[in-house]
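Before any comments, here is the structure.
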Amino acid sequence: MTNLTPLTPFPWLLILGLGATATAVSAEPLTMQTLRNALLEQGASWQPAATSSFDPAAFERWTGLIPEVDDLPPLAADDGGAADSRLVGPRRLARRNPGAPVARPALPASLDWRNAEGASFMPPATTAQGSCGSCVAFAVLSTLEARLGIACNAPQEPFDLSRQFLFSCGGGSCRQGLRLSAAVDFLTRSGVPDTACMPYREEDAPCAEACEDVSSRLVEGIVAERPTSGIIDVDAIKQALLRGPVVSNMILYEDLAHYGGGVYRHVAGDQLGAHAVVLVGWSDADAAWIARNSWGDGWGEGGYFKVAWDDASLPGRYTWAFDVSAAVGAGKCATRR
C-alpha cells in the first residue's frame with residue numbers, strides 16, 4: 001500500500017479519473033459497531049472477523065500500490081445502445097471497438113486455482129508484507145509462482161521467488177510503495193531470483209544485498225499480458241484466469257481490514273489508498289472474484305477473500321497476467337524435479 005500524504009489526502013483518486021472528491025481521513029477509525037450497523041442496513045453478504053484490533057496507521061502501511069494513470073478514455077455513460085454484459089462496475093461504459101464478438105472458450109460457472117481438480121497451485125499465504133508497502137511485490141510474485149507451477153504441472157511446489165529483490169531492485173520503497181506497471185516491467189526485463197538469494201526483510205534494502213550469484217538464479221523469459229487496462233471486463237479476466245491467476249489493483253477501503261468471510265462489498269469507512277491483490281478464480285453464483293491478499297493467513301479466509309466484481313473498490317480494472325512458456329533459468333520445469 002502507498003503512504004499517500006502529499007498535498008491532497010487521496011491524490012490517486014484524481015489520477016484514476018473517478019470523478020470523486022478527495023476527503024480527509026476521519027479522525028476516528030471505523031468501529032466494529034459502526035461496521036456491523038452498516039452491514040445490516042445494506043444487507044451485505046459478508047461478515048466481519050470475530051475479533052479485530054485495528055490500527056489505522058498500521059493499516060495504511062498495508063497498501064503499497066501507486067495507482068496507474070488511465071491509458072484509456074475516461075469512464076463514459078452508456079450511449080443508449082445495447083448493454084455490454086462484459087463491462088461491469090459503478091458506471092456502464094461505452095463500447096470502444098464495437099463489432100463482431102471474438103470467439104472465446106466456454107467458461108465454467110466457477111474456478112479456483114486453490115482447488116484445480118483437487119490440487120492447489122497457490123503458494124502458501126503464511127508470509128505477510130507486514131509494515132512495508134510491498135503489496136505489489138507479493139501480488140506479482142504470488143501470481144508468477146502459481147503460473148510457473150501450472151505450466152510445470154507442479155502443484156504445491158512453490159518456486160518461492162524473492163519479494164525483496166523485486167521490490168528493492170524494481171524501485172519500491174516501504175513508505176511510497178511501487179507502481180504495478182513498473183514492477184511488471186522490471187520483472188520482464190530483469191527476472192527475479194529465489195527468496196534465499198534475497199530474503200524478505202519488511203523494510204527497504206539496497207538491491208546490492210542480493211546474493212553474489214544472483215545472475216545464475218534468475219527466473220527469466222517472462223512475458224506480461226494485460227487482460228484489462230482501465231475498464232472492468234469480467235469475461236476477459238475470466239479468460240485470462242483459465243490459464244492461471246492474475247494480478248489486479250483495487251481501491252482500499254477501511255472496512256476490508258475487518259473482513260472475516262463472505263462476499264466483500266464496501267459498506268463503511270474511509271478510502272485509505274490503492275492495493276494490489278491476486279485474483280485466483282471466480283464464482284458466478286456470488287458474482288465475485290476469489291482473491292488472495294498479502295496480509296498473512298490469519299486475515300480473512302486463510303489469507304483470501306471474495307470481492308464482488310462490481311464493487312466500488314474496482315477490482316479488475318487494471319490486471320496483469322504472465323505467459324511463462326518461454327521461461328528460462330530457475331524457471332525451467334526441469335529444475336523442479
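- Side chains of Gln129 and Ser134: no donor on one and acceptor on the other come within 3.5 Å.
- Annotation: cation-pi pair Arg265/Trp46 absent, no NZ/CZ under 6.0 Å from the ring centroid and within 45° of its normal.
- Between the side chains of His266 and Asp255, at least one donor N or O lies within less than 3.5 Å of an accepting N or O.
- Arg163 and Ser142 share a side-chain donor-acceptor pair at under 3.5 Å.
- In this structure, Pro155 and Ser120 have side chains that are not in contact, with every pair of non-hydrogen atoms separated by 4.5 Å or more.
- Evaluation of the side-chain hydrogen bond (donor to acceptor under 3.5 Å, both in side chains) test over residues 215-224, restricted to residues two or more places apart or in two chains, returns Asp194-Arg217, Asp213-Arg217.
- One hydrophobic cluster holds both Leu218 and Leu187 under the rule that ILVMFWY side chains link at heavy-atom gaps under 4.5 Å.
- Of all heavy-atom pairs between Met122 and Ala146, the closest is SD-CB, 3.8 Å.
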- Criterion side chain to side chain donor-acceptor pair (under 3.5 Å) on Asn37 and Glu41, from CA distance to verdict: CA-CA 6 Å; Asn37 291 342; Glu41 290 171 2; 5.6 Å; no

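- In this structure, Leu314 is a member of the same hydrophobic cluster as Trp282, with clusters built from ILVMFWY side-chain heavy atoms closer than 4.5 Å.
- Across every non-hydrogen atom of Phe165 and Ala210, the tightest pair is CD1-CB, 4.0 Å.
- Follow the hydrophobic side-chain contacts under 4.5 Å out from Leu242 and you never reach Val223; the two are in separate clusters.
- Closest heavy-atom contact between Met250 and Val277: SD-CG1, 4.0 Å.
- For the atom pair Ser173 OG and Glu203 CD, the distance stands at 13.0 Å (nearest 0.5 Å).
- Linking ILVMFWY side-chain heavy atoms closer than 4.5 Å, directly or via other members, places Ile232 and Leu111 in a single hydrophobic cluster.
- In the hydrophobic clustering of ILVMFWY residues, with side-chain heavy atoms under 4.5 Å counting as a link, Val246 and Tyr304 come out together.
- Atom CG of Asn249 is separated from atom OG of Ser313 by 9.5 Å, given to the nearest 0.5 angstrom.
- Side-chain contact check for Glu145 versus Pro123: some heavy-atom pair is nearer than 4.5 Å.
- Looking at Phe167 and Val136, their side chains never come closer than 4.5 Å, going by heavy atoms from C-beta outward.
- Side-chain contact between Leu161 and Leu166 is absent, with no heavy atoms from C-beta onward closer than 4.5 Å.
- Looking at every heavy atom in both residues, Ala308 comes nearest to Pro315 through O-CG, 3.7 Å.
- Between the side chains of Asn293 and Tyr259, not a single donor N or O lies within less than 3.5 Å of an accepting N or O.
- In this structure, Trp113 and Phe121 have perpendicular ring planes: the angle between them is above 60°, well past the 30° mark.
- Separation of atoms NZ (Lys306) and CD1 (Ile290) is listed at 5.5 Å; rounding is to 0.5 Å.
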- Item | Residues Thr228, Thr319; criterion side chain to side chain donor-acceptor pair (under 3.5 Å); working and verdict | CA-CA 5 Å; Thr228 58; Thr319 56; 2.7 Å; yes

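- Using modelled atom types and a 3.5 Å distance limit, the side chains of Thr195 and Asp160 yield a donor-acceptor pair.
- Residue Tyr200 belongs to a hydrophobic cluster whose other members are Phe138, with links defined by side-chain heavy atoms closer than 4.5 Å.
- With rounding to the nearest 0.5 Å, the separation of CG in Leu279 from OG in Ser248 is 4.5 Å.
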